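Each remark here refers to the structure printed beneath this line.
Naming convention: chains lettered A, B, ... in sequence-line order (proteins, then strands); numbering from 1 in each chain. Treat the numbers as computed from the prediction; the structure is a model and nothing was measured.
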Amino acid sequence: MAQAAIELIGINKSFGAVRANRDINLEVARGTIHGIVGENGAGKSTLMSILYGFYQADSGEIRVGGKPVSINTSNDAIALGIGMVHQHFMLVDNFTVLENVILGAENDALLKSSIAKARSELDRLEREYGLEVDPDAVIEELPVGLQQRVEILKALYRGAEILILDEPTGVLTPAEADHLFRILKQLKDQGKTIVLITHKLREIMAITDTVSVMRQGTMVATRVTKETTVGELAELMVGRRVLLRVEKGQSEAGAIRLSVKNLTVKDSRGVTMVDNVSFDVRGGEIVGIAGVAGNGQSELLEAISGIRHAVSGEVMLEGKPIDLTGKADPGELRDRGLAHVPEDRHHVGLVLAFEENENSILGYHDDERYLKGPFLDIDAIMADAKDKIEKYDIRPGNPRLKTANFSGGNQQKIVLAREMEQDPGVLIVGQPTRGVDVGAIEFIHKRLIAMRDQGKAVLVVSVELDEIRSLSDRILVMFAGRVVGERGPDATEGELGLLMAGVEHQEAAE
Amino acid sequence: MDTFNAIVQVLDSTIRLSVPLLLACLAGLYSERAGIFDIGLEGKMLVGAFAGASAAAVFHSALIGLGTAVLISVAFALVHGFASITHRGNQIVSGVAINFIAAGSTIILGQAWFSQGGRTPALQPGERFEAITWPGADAIKDVPVIGPIYAELISGHSILVYFAFAMVPFTWWVLFRTRFGLRMRAVGENPAAVDTAGISVAWLRYRALICTGILTGVAGAYLSMVQNGGFVKDMTAGKGYIALAALIFAKWKPVNAMFACLLFGFLDAAAIRLQGSPLPVIGKVPVQFMQALPYVLTVILLAGFIGKAIPPRAGGVPYVKER
Ligand SMILES: Nc1ncnc2c1ncn2[C@@H]1O[C@H](COP(=O)(O)OP(=O)(O)OP(=O)(O)O)[C@@H](O)[C@H]1O
Ligand SMILES: [Mg+2]
């Protein structure tokens, strides 16, 4: 085996009562791509943040290039040639790309020479790796894919020899992800070492040389990628067999419960995002909306759930019209039996500073079940939260814990539990499993199918084609704000991919 | 000619009155840009004023007075830092506490040391900062238009006035042209980005607060050693709060801050000038109305006329990485 670029020996780390890492050993060979997989909250980000000096381990040893080192701050890590692209980007949103790149790596006390140097250096990196990005663009105006590129540039600019990427593809479109992987391969060919955390086992199989599996804070296995399978990895992660594609029976579509006619929605800048869209969802079926992110799916969901006003169009809920262009508000829609799992759980679905039990009734807090006269009935709320924790296997199972302290997958379960347990007639779900591990995906899919089998109408929007194909009874493809095709669940990936790219649509228009 | 002279005089006092506001406003700019709310500008100015006047009176030196004012004010800024950076306390509470301590301690110490009812001894020439007359000011004083402008507006202020206005381009330069400025702006927006870039968030914020302390110290010294010949209790009279309003108004930008402070200074100067004298059309305006005008204006302008003022995003939130 080649020389080890990094060795982690006996790493332990606790956050209060949570033991995020226990006795972790990990060795990554120089010039390889090493994958790390594991359930939500398994401790992957924590481990890598320790290597990057963002957190300090409670105990354990780190060796870089064979030599024991002490990494107390990110500065130490950077000096050792370690760079990291964090799960949640570490960028200053109102700075330009250049400013973000030089931050912390300035030449001297004045900025002038740093800026000049960064400009030419970025130019070189751009040409070498195809990492194109306008150095004077302001971060908040860039799409996430480009923001990530800035993070990679930041690391390369600091001369990183070891690059850690924490769930880099969670926010990328498939084409962007492909591009990223080409860059990673190129970096590897130049002898750089890469650690890649991801929930997408397919990516692990496609690009890594070796892969480690974490479970509940421990390192359970390391495999050579060529000698393992997706099934084995999934089983190692969760500790039991996982169905990567849940089984479901034939749907028995009933009456139309949600009907959308000629809906047009504009975004805040006045650009038409949803363009004259019509479809029905019947009881007992799951309708999936596929599409590359940014083709109007988000706005469609927001309009139907009453968060965003529509310009025109008609929506019928359980046969009665709702006024989406004017007064409809989410509370009213909720009362009429429409539940919504928003795609952005952090900003729309949860109040992260609240306790779990508070989030588990959010929006339903004026329901009689949770009230005692004008006051909240804390006992009832706690009982209810405990019930949901049990049913949805939310971990850690403590309803008093601050929601921010749950891992992404468990936060998603909190939202799902809240909305599904209201027993709505119509459920609309955006990105049900973004950033969620395979075990939880299986669980969430099973619950959605159970809803369907109870005769509920379910509308799912997802950018994951696998998910759409395994869940949906009917698939609608959105492109540039329009529904450009409808397919059955047996549609091939290629066929859907072409529709998503707008190919057929453009041909038809010509 | 009479109206012209009157205008020059109002503008002259506008400059004098806006100096403490401007210094405090720039002081607030440093801390808020670094993500630390500082409602304690008022208190720091007050202790600066007291320390400056006391030291100047005791040691018979204006410079020693200024140095003491800055030192004490910086010490208070560090207390705010200790509470809100090191111990991640609530920044508003810490700031309010500093204001109370300042208001109380200056009176108690003043009475204990000088027994003049909370005042410090009247400063003698040499113990205060005198006006500087620019070359040729006297010679061209009587030349129409440019004479009064040069002699009254430009010349004839104390060194601290020129310092305050020089701080405007200097602060701009620090913010946008230096490494410290870049990091300070970054830490006010996203401290985690600064941390992962290998920079100490706490040390950076402390340094910003030291800048704040220096400027509030000078502002205090200006009040007690230039505008007034000694310390009088509560002599800041809410200027620290107006400076905060001006800061929002200026959207946390140095040059805007200067204009905002000049505007507030002008309203003050006009209020003094118009005391008792009737205005055309409106007639006699009660002086209280003029005095309330800066505050009314702040409320109106902040309520929407200046567009959206987006504060530094991490402002007021202690940086905690392990929850
Ligand atoms: N800053 C923190 N303070 C307190 N607890 C934390 C903190 N960061 C993580 N944790 C907890 O530590 C555990 C491991 O978290 P970590 O983020 O490393 O998981 P992960 O494997 O990266 O999960 P995901 O796939 O959801 O990103 C979780 O239980 C999490 O709630
Ligand atoms: Mg993670």
Using non-hydrogen atoms and a 4.5 Å limit, figure out which bit of A:H86 sits close to chain B: side chain, backbone, both or neither.
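The side chain, not the backbone.
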
A:I78 versus chain B, heavy atoms under 4.5 Å apart: side chain, backbone, both or neither?
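Side chain only.
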
Does some side-chain heavy atom of B:R179 sit less than 4.5 Å from a side-chain heavy atom of A:L110?
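No - every pair of side-chain heavy atoms lies 4.5 Å or more apart.
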
Using a 4.5 Å cut-off on heavy atoms from C-beta on, say whether the side chain of B:N190 contacts that of A:F95.
no

Looking only at non-hydrogen atoms, find the nearest pair between A:L103 and B:A193 and report the distance.
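Residues A:L103 and B:A193, closest heavy atoms: CD2-O, 4.4 Å.
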
Can you tell me which of B:I310, B:L182, B:V194, B:T178 forms the most heavy-atom pairs within a distance under 4.5 Å of chain A?
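That would be B:L182.
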
Residue selection (most heavy-atom pairs with chain A, distance under 4.5 Å) from B:A192, B:A314, B:A186
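Among B:A192, B:A314, B:A186, the one with the most close pairs to chain A is B:A186.
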
Find the distance between CZ (B:F176) and CD (A:E99) and round it off to the nearest 0.5 Å.
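B:F176 CZ to A:E99 CD: 8.5 Å, rounded to 0.5 Å.
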
Are more than 12 heavy atoms from other residues, nucleotides or ligands located less than 6.0 Å from atom OH of B:Y319?
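Yes, because the 6.0 Å sphere around OH of B:Y319 holds more than 12 heavy atoms from other groups.
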
Got more than 12 heavy atoms from elsewhere within 6.0 Å of OH, B:Y162?
yes

Would you find a donor on one side and an acceptor on the other, under 3.5 Å apart, between the side chain of A:K112 and the backbone of B:R177?
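Here the side-chain-to-backbone pair does not exist.
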
Side chain from CB out, backbone as N, CA, C, O: work out which of these in B:R313 comes under 4.5 Å of a heavy atom of chain A, or both, or neither.
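Just the side chain, heavy atoms under 4.5 Å.
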
Is it the side chain or the backbone of B:R183 that comes within 4.5 Å of chain A heavy atoms, both, or neither?
both

Residue set satisfying side-chain contact (heavy atoms from CB on, under 4.5 Å) with A:E355, at least two apart, ordered chain then number -> A:N357, A:E358, A:R400

Got a sec, which residues hit ring pair (Phe, Tyr, Trp, His ring centres under 6.0 Å) with B:F100, two or more places apart in sequence or on another chain?
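B:F100 satisfies ring pair (Phe, Tyr, Trp, His ring centres under 6.0 Å) with no other residue.
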
Residues 21-30 of chain B: residues contacting chain A (heavy atom under 4.5 Å, by number)
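Residues qualifying by a heavy atom under 4.5 Å from chain A are absent, so none.
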
For residues 199-222 of chain B against chain A, heavy atoms under 4.5 Å, the residues are B:I199

Given the rule in the side-chain contact (heavy atoms from CB on, under 4.5 Å) test, do A:D93 and B:E189 qualify, once you have shown the distances and angles that lead to the verdict?
CA-CA 8 Å; A:D93 285 345; B:E189 291 291 327; 5.8 Å; no

